[in-house]
Amino acid sequence: MHTTELSFDLRDDETLVSSKIHFYKNPKYQAGDNSLFLDGIDLELISLVIDGERVDYELSDKGVQLRHLKGEFVLEIVNRIHPENNTSLNGLYQSSGNYCSQCEAHGFRQITYYLDRPDVLSVFTTHIKAEAGRYPVLLSNGNLSSASPGQATWHDPTPKPCYLFALVAGDFAVLEDHYTTLSGREVALKIYVEKHNIGKTQFAMDSLKRSFAWDESRFNLEYDLDIYMIVAVDDFNMGAMENKGLNIFNSTFVLADPKTATDKDFINVEAVIGHEYFHNWTGNRVTCQDWFQLSLKEGLTVFRDQEFTSDLHSRSIKRIEDVNALRTFQFAEDAGPMRHPVRPESYIEMNNFYTLTVYEKGAEVIRMIHSFLGEVGFQKGMKLYFDRHDGDAITIDDFVSSMSDANEFDFSKFMTWYSQPGTPTINIKTDYDEKNECFYVEVEQDNEFDYFLPLNYALLDDQGSTLKEGVLTIQQQKQTFVFDQIKSMPIPSWLRGFSAPIHLLSDLTFEQQIFLVGHDSDAYVVWDSAQQIWLSLILTPNTARELLFFNAIEKLVQTRQDKSLVSEILTLPSERFLHQKVVVIDVFDIHQKREEMASKVLGRFKSLLLETYHSLNHAKVYQLTPEAVGERSLKNTCLYYLSKDKGSNPDLARTQFEQANCMTDQIAAFSALVASDNSYKKQAISNFYQTFEQDVQVMDKFFAVQSTSPLATVADIKQLMEHELFSFNTPNRLRSVIGGFTQNYINFHNQSGYEFFTDIILKLNQSNPQIGARLVSVYNHWGRFTPVLKQLQKQQLERIIQSDDLSNDIFEIVQAALK
Ligand code: PHE
Ligand code: ZN
């Protein structure tokens, strides 16, 4: 297609869409039969003409079939849609009375008839007409070519697939700024928000400028248009969308100030702003040939946003957080019924494949390529990639070929990472030969296929000094490595920085693990060793070992400078993570065991925790430096334990709650107060509500803290749903109440929890199946629960699959779970 000209007439009870598309035959994509099928869903066709003439066509609920076409022609279509009733939040819809759009992956077909596929690129011109008073801001991709009250025309000079199309119409406030690119071009930056939010946009603007600057300095990539716009809306299924020149964001990833956003929220806002900006090159200028290639843009762009955060904040803490999330959620996905390769081979509903595997494991795969090539080699590969493919829709193989060719590095064995699902297991056995001063390492793969991966390691002496360090390239089923001139038995530090997304089993002893916690210079290994120890002590208590470990922790708390790291080490593995480590999930037993460990920590360390808490609890001007973040993090981890003490609860939390000068401290105290029965709880809830009821982001926290409280019952959740600020059609709110409850294992996992939840899924099946499919995935692991819960979950899945009118989204998840 050469060009696509769209006209939108936005009216209260309908929207009229007219399109004029200049087609030419592209032998690459169309069979020789001169026919064309245009996708279209939930559309009302009003007229269709080709070169000004009426023609025959066949209409179905999936689109329109055209036949006997010429090699080149102009198609004109008028159709009607109803954004005012659209609760799916795909296509064109309304949020707080403003119009916005979401087209990835298949939303454009809910706007008009089109070749809705990522490898069909066209130059778009968009006319928008709407009542001037209520919709003073009219936006689309590219540059504004003309505007007058009630109408605007936008032209996007860069050919793009329709999934990157966007339209916005409404009443917004705007924060404006500009950025001068490396080559001296001036770009206008605009962030549009609902008027009452304008005071919470400065951090997003600063993040956007940092994103521009970082992509120039680290990747040598500059922005291409004269304008970059971000619009924040409260109703959005995902985090944000990289539409060309006009990003649309879930307002949670735009709005932030210290009073309402936590440290994590700030860093997430910056990361998502970065992520969408980085898509301009990795996603928009070079896009996917088909949706199976999704990780081409997502894995690479997540890797880029992770590096952005790492360069700007604490690299080691960022890595620990990412690995923790990957192992807790992606590993579980990869072991469940919806497991799929980073490059999936089939789908029923594409929206179900915006997964942790495609995104986070995809980013790990890119990280391994980066490890093999180094930063310089990787950038050489990126340069060749853009030289070859700028403006194209391509495959993952094309990306890897660029990396290969630029570096003369053979990645053919590496492709298993893209084609095989599941987390590989690697076993390491070692042997020290004192006489010959040799250290033997045997690495064995316990997988159906052999993986090619970098295994970062160091060998430490008994003082913790590095004897040797480097990367072992693993590529065969079994490999032996020999290190000579090793004068005494070394302590190996494996998989430093989590250099590959695997399960690693090694023959490290308990004492060696403790040694690594105390001595390793690699923060990931320190944290991971501590996690392994917590895990074993929680699941199989052992007093002697516990004593050894607690002694090591005491030393660490007193001596380690990095407060964030200390905080991470003091944080017990989550219940969700523990679930993966047992054969049969007994939610009550796991909850109990974890609570017992928390009591033991409190019992042993009460005075140290209190001392640490008070030494860190000083009113300071809010800063987002790693040091300040670390201090708050450790302080609030101490508060978590101390609040379990009848002696200091609720006073400590109450004082912090009443005096907090930032949301990080406020929400930590609020969570502690809501998690237990105490005299101040009711008052805390009502104070918090009165202070923040106007703030949508804080109200999401307000709901989530209550729905995840270990004291919340189904009746409490129903009551939250009766709250005047509860909104079923707003995904963020639904996630905080219902999503929160599904993670409240001890209260969710029972018959009434399930029945209540299934009713919600069936309702979402009608209103927003995409969100319904995400939520229903909580049943994916039903087969691993204790017999009664297993049976009950199965019944719920059967109830869902037997219901009429099941959406593709929910059907796909549920049928996989039942298989
Ligand atoms: N492409 C978006 C991103 O990763 C995510 C998204 C997918 C948003 C589908 C909406 C719908 O940045
Ligand atoms: Zn993305």
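For clarity, every value in this text was computed on a predicted model and none was experimentally measured. Order of listing sets the numbers, starting from 1, for every ligand and every atom in it.
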Original post:
For ligand 1, which atoms sit closer than 4.0 Å to a heavy atom of A240?
Top reply: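 The list of qualifying atoms is 2 (C), 3 (C), 5 (C), 6 (C), 8 (C), 12 (O).
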
**OP:** Please could you name the atoms of ligand 1 that K297 approaches to less than 4.0 Å, counting only its heavy atoms?
**Re:**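 Heavy-atom distances to K297 below 4.0 Å select 1 (N).
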
**OP:** Examine Y228 together with F212 and report whether their ring centres are nearer than 6.0 Å.
**Re:**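 Yes, the ring centres sit under 6.0 Å apart.
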
**OP:** Examine the side chains of H313 and E270 and answer whether a donor and an acceptor come within less than 3.5 Å of each other.
**Re:**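 Side chains of H313 and E270: pair found under 3.5 Å.
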
**OP:** Have a look at T282 and tell me which of F303, F386, F219, F399 forms a side-chain contact (heavy atoms from CB on, under 4.5 Å) with it.
**Re:** F386

**OP:** Determine whether the side chain, the backbone, both or neither of H106 has a heavy atom under 4.0 Å from any heavy atom of ligand 1.
**Re:**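 The answer is neither; H106 stays 4.0 Å or more away.
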
Original post:
ligand 1 versus A105, non-hydrogen atoms closer than 4.0 Å: side chain, backbone, both, neither?
Top reply: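 Under 4.0 Å from ligand 1, A105 contributes no heavy atoms.
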
**OP:** Quick one: look up the protein heavy atom nearest atom 6 (C) of ligand 1 and list residue, atom name and how far away it is.
**Re:** M238 CE, 3.7 Å

Subject >> atom 4 (O) of ligand 1: nearest protein contact (heavy atom, Å) >> reply: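 Looking only at protein heavy atoms, the one closest to atom 4 (O) of ligand 1 is Y359 OH, 2.7 Å.
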
**OP:** Before accepting this row, confirm whether a basic side-chain N of the pair K318/D311 lies closer than 4.0 Å to the acidic partner's carboxylate O.
**Re:** no

**OP:** Give a yes or no on whether a salt bridge exists between D257 and K200, defined as a side-chain N under 4.0 angstrom from a carboxylate O.
**Re:** no

Original post:
When rounded to the nearest 0.5 angstrom, what is the spacing between CZ in R774 and CG in N768?
Top reply: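 Answer rounded to 0.5 Å: 10.5 Å.
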
**OP:** Supply the atom-to-atom distance M205 CE to D177 CG, rounded to the nearest 0.5 angstrom.
**Re:** 5.0 Å

Mind checking whether [X] has an N or O less than 3.5 Å away from an N or O of ligand 1?
X	answer
E242	yes
E276	yes
E104	yes
E298	yes

**OP:** Give a yes/no answer: is there an N/O/S atom of E298 under 2.8 Å from the Zn ion (ligand 2)?
**Re:**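 So E298 counts as coordinating the Zn ion (ligand 2), yes.
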
**OP:** For atom CG of N220, decide whether the heavy atoms of other residues, nucleotides or ligands shown that lie under 6.0 angstrom number more than 12.
**Re:** no

